[in-house]
Amino acid sequence: MSQNPIAETVASLMPRAKQELTELVAFQSVADWAQFPKSESEAAANWVADALRVEGFQDVALLDTPDGTQSVYGFLPGPEGAPTVLLYAHYDVQPPLDDAAWTSPAFELTERDGRWYGRGSADCKGGFIMHLLALRALKANGGVPVSVKVIVEGSEEQGTGGLQQYAEAHPALLAADTIVIGDAGNFRLGLPTVTATLRGMCLVKVKIDTLGGNLHSGMFGGAAPDALAALIRVLDSLRAADGSTTVDGLASDEVWDGLQYPEADFRADAKVLDGVELIGEGSIADRLWARPAVTVLGIDCPPMVGATPSVHASAGALISLRVPPGVDTAVAVKLLQAHLEARTPWKARIELEVVGQGQPFQADTDSPAYASMRSALEAAYPGQEMQISGMGGSIPLCNTLTSLYPEAEMLLIGLSEPEAQIHAVNESVSPQELERLSVAEALFLVNYAESKRA
């Protein structure tokens, strides 16, 4: 990276950033109290609040959101007449999954092979550290040229919508001229990328009942309706033979016109086993960024260890449906529910519960803020042009903010490039990526302030 005062300052701050990320990763802040203590998330929220206070933020507050979690807010006033920029990240994380599969402990930031490993290191505790680095670099080089609001969410990974509901009830709180969502990532390590679209999502719990209780499979099997077998049929109906998502009435043939994802790169990034086919049809970009995708996240049924020879009376599953841009998630939810009910065999009883949902998002890539970000990213990544991609994941807050502040420009950047393996075991962040993106964010704030003065 060619040196300039901001880049030099960020480089000097990296040891501090590593220590802070170590402290933040250590909190087991999974916003699911059935898996981890609520006190872990509360401690993480307080750590974030204290960090904002140290940087001179005013009105720092722990916001009690309707889903029982806390989001952290702070305001840093800029020069008179300067625009306001909202910086977003989240401190809650996905559960570690299989602790034994981690090479180093999930909640201990560990340096290995030039990367920092730990749950949340990239998604998205590292995003908060990125914001801090950018602001510190500006303060050391003449000051922050804009007013800054920071919001750090406490339940993004759970999709329970607490911050969205809070923002809707307090619409002035997060109002800004431009919003930078620090929860996306570069398409490839070292390739500066702004994410222009996000799929929406919905989570639906399914429960199927067929009997008053389990029955002996020898005495009753063959005539007694098996709830687990019914559930398997229902779940199988959500995919065509090639693996494409098939929800009755939901279009699955849109195409992505833009940056493409080579199949060989995707196979390597996804660690697809040799000889195993990919699912779906169309380009990889079509499948990831422009079409719906269903995933069975979990099934309630007996494990093999301890299983008895029984016909099952009840079975359940948690289903995720990713909703492409241009589709209303509320409509997609109704279609999914109707599909599940229609495909339930043997007149079995089915209960459906929607436990989370968020709308897809599409940014205006012709906005002035994009021009400011392009210049900043290309300065932080010499020799590379900014790319615009989609992302298959969901950040429900984006559409809430777009609805509340339709004039605000929104950009999505972040640390979740493919090697980061977010949501998987051995999640990691590239410290070089953290450094470059922090430089880019600082330069963006300078560029954006100048564009508003012009």
Side-chain angles (χ1 to χ4, degrees), residues 159 181 183-188 193-204 235-267 269-270 272 277-297 319-340 342-343 354 356-367 370 386-403 406 410-412 416 418 423:
I181 304 291
D183 191 24
N186 287 342
F187 179 70
R188 181 76 50 210
T193 309
V194 172
T195 300
T197 66
L198 299 168
R199 287 191 293 200
M201 68 168 293
C202 64
L203 293 172
V204 177
L235 298 180
D236 183 61
S237 75
L238 293 169
R239 293 192 184 279
D242 66 1
S244 299
T245 293
T246 54
V247 174
D248 295 337
L250 185 61
S252 186
D253 58 359
E254 294 296 321
V255 297
W256 175 264
D257 182 17
L259 181 68
Q260 293 298 307
Y261 201 154
E263 183 171 325
D265 291 347
F266 177 80
R267 291 187 68 92
D269 293 339
V272 180
E277 298 177 349
L278 301 184
I279 64 173
E281 57 89 24
S283 73
I284 299 298
D286 293 342
R287 287 176 253 181
L288 296 183
W289 303 333
R291 296 179 181 175
V294 70
T295 306
V296 179
L297 303 183
I319 298 171
S320 163
L321 177 65
R322 300 288 178 168
V323 181
V327 177
D328 185 337
T329 296
V331 173
V333 168
K334 291 180 180 179
L335 291 173
L336 176 61
Q337 291 175 309
H339 176 106
L340 295 171
R343 299 306 181 97
V354 179
Q357 62 179 291
Q359 292 287 355
F361 169 77
Q362 189 155 12
D364 176 9
T365 57
D366 294 324
S367 69
Y370 264 80
M386 186 187 85
Q387 304 294 315
I388 297 176
S389 77
M391 188 169 77
S394 306
I395 307 175
L397 181 66
C398 287
N399 275 87
T400 299
L401 297 177
T402 299
S403 175
M410 188 177 298
L411 303 104
L412 286 81
S416 300
H423 294 202

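This one's a predicted model, so the numbers in the text were calculated from it and none came from an experiment. When a residue number appears, it is its place in the shown sequence, counting from 1.
- By the side chain to side chain contact (heavy atoms under 4.5 Å, CB included) test, Arg188 pairs with Leu191, Tyr261, Asp265, Asp269, Pro418, sequence neighbours left out.
- By the side chain to side chain contact (heavy atoms under 4.5 Å, CB included) test, Arg287 is found to be paired with Leu278, Ile284, residues two or more places apart in sequence or in another chain being considered.
- With hydrogens and angles ignored, the 3.5 Å screen pairs a side-chain donor or acceptor of Thr402 with a backbone N or O of Cys398.
- Scored by the side chain to side chain contact (heavy atoms under 4.5 Å, CB included) test, Ala338 finds no partners at all (sequence neighbours excluded).
- Of the possible polar contacts, none joining the Thr197 side chain to the Phe361 backbone as a donor-acceptor pair under 3.5 Å is found.
- Not counting sequence neighbours, Tyr370 has no partner by the side chain to side chain donor-acceptor pair (under 3.5 Å) test.
- Without hydrogens or angle criteria, Arg343 side chain to Asp236 main chain gives no donor-acceptor distance under 3.5 Å.
- At distances below 3.5 Å, not a single donor-acceptor pair connects side-chain atoms of Thr193 with backbone N or O atoms of Gly185.
- With contacts defined as side-chain heavy-atom distances shorter than 4.5 Å, the pair Val247/Leu238 qualifies.
- Gln362 meets the side chain to side chain donor-acceptor pair (under 3.5 Å) test with no other residue; sequence neighbours excluded.
- Checked against side chain to side chain contact (heavy atoms under 4.5 Å, CB included), Thr329 has the following partners two or more places apart in sequence or in another chain: Cys202, Val323, Val333, Gln357, Gln359, Pro360.
- Residues passing the salt bridge (Lys or Arg N to Asp or Glu O under 4.0 Å) test with Arg322: none are found, sequence neighbours excluded.
- Judged as a side chain to side chain donor-acceptor pair (under 3.5 Å), and not counting sequence neighbours, Thr400 has no contacts.
- Sorted by first then second residue, the side-chain hydrogen bond (donor to acceptor under 3.5 Å, both in side chains) pairs that include residues 249-260, not counting sequence neighbours, are Gln260-Ser283.
- Residues forming a salt bridge (Lys or Arg N to Asp or Glu O under 4.0 Å) with Asp364 (at least two apart in sequence, or on another chain): none.
- The side chain to side chain donor-acceptor pair (under 3.5 Å) search around Asp242 returns Ser244, not counting sequence neighbours.
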